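Throughout, protein chains are lettered first and strands after them, A, B, ... in sequence-line order, and every chain is numbered starting at 1. Treat the numbers as computed from the prediction; the structure is a model and nothing was measured.
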Amino acid sequence: MTDIKRLWKEATYKALANLATSMGLESGVGDMEALVAEYPPKPELGDIGFPMFSYAKLFKKSPAAIAGEMESLLAAKGETLLRYGRPKAVGPYLNIFLDRLSIIGEVLARGTRSDWNTYLPFNGRKVMVEFSCPNTNKPLHLGHLRNNVLGESLSRILKAAGAQVRKVNLINDRGIHICKSMLAYQVYGGGRSPEDEGLKSDHFVGKYYVLFNQLKKEDPGAEEKAQELLRLWESGDAETLALWKKMNQWAVEGIKTTYARQGVGFDDYYFESLTYTKGKQEVLEGLSRGVFYRDGDGSVWADLEDVGLDRKVLLRRDGTSIYITQDIGTAIQRSKDWPFDELVYVVASEQHYHFRALFEILRRLGYSWSKNLFHLAYGLVNLPSGRMKTREGTVVDADDLIDELTVLAQKEIEAKGRDALVGDPAAVAEKVALGALHYYLLQTSPTKDMLYDPEQSLSFTGNTGPYIQYMGARACSILRKGGEGELAGRRETGGVSPAGAAVLNNESDWPLLRCLASYSSALEAAARVKEPSIMAAYAHELASSFSGWYRDNPVLSNPDPELSQGRLDLVKAVKSTLEQVCSLLCIPFLEVM
RNA sequence: GCGUUCGUAGCUCAGCUGGAUAGAGCGACGGACUUCGAAUCCGUAGGUCGCAGGUUCGAUUCCUGUCGGACGCACCA
C-alpha cells in the first residue's frame, strides 16, 4: 500500500469512528484492520473501494446510506486530504478516486532513488529464519532447492518490509546415516579424495552413501557395523572422528558451493554434532517441576493428549536425547543467542506434527516466546513420473538439474542468435536457469505439494521466471537507447518535474502506474502471511502490465520529446521495481539476455 | 482408528483478513514482426470452485458432515 492509499484508509477509518461517536454508539467500529480496502473491478468506479456492508448492523442503516454519509464527511475534510483524491459513494461502497498526479510522482521517484522503498511495516522486528538443514551424507536434491529458495526469499521479503533478519542453518552432521557413508568409504574408498575421482565433494560422499546398499548385499552385518561406528563416534574414538571430520568437510564444502550457486546464504550455522545433547537439562528441570513425567522404565515423557497430540518421549530410558529434545535445547539456545520476536522454521510439511508438539512443550516449559514460533510447512516436489524416492533412484540432484537447465537455456540463446549480444552466454544461461527454477518453485503456495514438470519449466514462455527477466531486459534496452545520461543527470537533483508527471496522466498509462503503486501492499501481504508466492504473482503482473504498456506507448519513437522523457521516467521506475522484485524472489536480474 | 493438509478450466497454478462479473500460464483455435529485442503481444473457446448441509445482507473463502489424494501419529531424524 502506498503512502497515499494508507492515508485514505486512515482517514476513512477515522471518519467511521467519528460517525459512530456522533451517533452515541458505544460498541465502536472495530480496529482499522477490519476496514477492507480493495480494488474496484472497473477503473471508472474508482481506485480504492471500501465495502460498507459490515457496518450496516452497527449503524442500523443500509450500506449505501453509510457510504453516502461517509462521502460527505470525507469531502468536508478540506484541502489537505482532498489534494490526494476524491471520495465517492458507489452503491454500498465508498470508493476513492486517487489524485493520479500524486501517485505518479510517488512512483516515478523510484527511478531516481535507490532507497525508494519507505514503507516498512515490520520495522524493528527481529525475525530468525531457519532453513535448508541438510544431512551431510549426500548432496542436495530438488526438495532442498524449494526449501532454500523459500527460506532465502522469505528472508529477503521480511528484510524489505523492515525486519531485522537472521538466517540460520542447522547442519545434520551426525547419526546413523552419516555412519553408513563412512563405513562404505572405509570398505570401497581406498583412501581416495574427491579430487582423485574427479567428483564434487558432496557428490563424492553421496556416492559412498549409495554404495552402502551394495555393501549390505555383500555383508549382512553392515547395518550392525554402522551402529558400531556410531557408538565409536559417540565415545570419541579418534580414528572414527578423523574420518567423520574429513567426510563431513567434503559434504559441507560441496553443499556450500551449491548455496553460492543458488544465491542463498546464512548468517549463522548450527551443527547437530554440537547441539545434539542440548535440551536434556531443560527436560530434567521440567520433570522436576511436574511438566513431564517419568515412565516405569526410566524414560521421560510429555503428555500432550489434552491438546489433541499424543504422548511424546523426550529422553530415552538410558537418559539420552532424541530429535525433539535437541530442538527444545536449540530453540532455547537461539533465544539466548539472538533474542527474536519471531522464529520461522522452513521445514517440509511432513514434520508438521513434530513442530506442534515442540511449540507446545516449549510453552509448557514457560517460554512466553513459544507463541512466536512458526512452522513454514511446504509440500513435496513431485515429478510427473511420481514421487522422488532415494531407493528407486528417482531423486533429482540439485546441481545436475541446474546444469541441465543451463544447457537448455544456452541452446535457446544460441537458437535466437543472441550469443554474441549477451556477452558471456554460459553465465547468462545459468542466470536464466536459476530464474526459471526459482520462479517455478516460488509461484506455488508453500503448503501445497507441487508438480515439477521439467518440460514446462524449460519452456521459456508464459508465466515463468525468464519472462520476467525478459521484461527487465527490455526495459533496460529501452533505457540504454534512450540515453541514461539524461536521467542520470536528473538523479543528482532528485524528483521528477510536475510536467513529467502530467504527461503520464491518462488512461493508457494508468494500469501500469497502478500496478507499480501496489508494490508495497504486495510486499506487506507477502511478509505478513510469509508467502513469497504473493510476490511471485506480483512480479508476473508487473512484467505483463509493462509488456502491454510499451507495445501501445512508444517511448523513443514518438515525436513529442516531453512525452518521451515522461515515458522514459516511467520505464526507469519499472526497471527499478522489477529489479527489486527479482531480488526478493532470487531471480537474477539481467540487463541483456 | 486419530490428527494435519489439499481438492478451482483438459494440464500446472493464482484468488490477501468473507465482498462488486472467479483470474493467469500451458495446451487448442485465429490473428500481429519494413516500427524501442516476436524468449513478445492481441483475440476465441474452456469452470455446478469435489459433494451435501449450515452461518451471513453476501461463501471459492468460515462451520459441520461426506468423498478423494497427500502426509503424520518411533525410546529415527
Is there a Watson-Crick or G-U wobble partner for G43(B) with both distances under 3.5 Å, and if so, which one is it? C29(B)

Applying the 3.5 Å cut-off to both distances, the Watson-Crick or G-U partner of G7(B) turns out to be C67(B)

Would you measure the distance from the P atom in C29(B) across to the matching atom in G23(B) and give it in whole Å? 25 Å

Pick the P atom in G7(B) and in G50(B), then give their distance to the nearest Å. 7 Å

Counting side-chain heavy atoms from C-beta on, which of [options] comes nearest to [X]?
| X | options | answer |
| --- | --- | --- |
| M593(A) | A39(B), G19(B), C36(B) | A39(B) |
| E350(A) | C73(B), C71(B), A20(B) | C71(B) |
| R551(A) | G37(B), C36(B), C41(B) | C41(B) |
| N463(A) | A77(B), C36(B), A24(B) | A24(B) |

Would you mind reading off the distance between [X] atom [atom1] and [N] atom [atom2], rounded to a whole angstrom?
| X | N | atom1 | atom2 | answer |
| --- | --- | --- | --- | --- |
| I468(A) | A39(B) | CD1 | C1' | 13 Å |
| D449(A) | C11(B) | CG | C1' | 17 Å |
| I157(A) | C16(B) | CD1 | C1' | 14 Å |
| H352(A) | C2(B) | NE2 | P | 19 Å |

Glycosidic class, syn or anti, of C16(B) using a 90° window around 0: anti

With centres under 5.5 Å and planes under 30°, do Y353(A) and G3(B) count as stacked? no

Atom pairs under 3.5 Å, N or O on each side, protein against nucleotides 56-64 of chain B: can you list them with distances?
none

Would you list the protein and nucleotides 21-23 of chain B atom pairs, both N or O, that sit under 3.5 Å from each other?
residue: U21(B); atom: O4; partner: K42(A); partner atom: NZ; Å: 2.7

Look at the aromatic rings of Y293(A) and W301(A) and report parallel, tilted or perpendicular, splitting at 30° and 60°. parallel

Going by the ring-ring contact (aromatic ring centres under 6.0 Å, His included) test, which pairs reach into residues 406-427 of chain A, not counting sequence neighbours? none

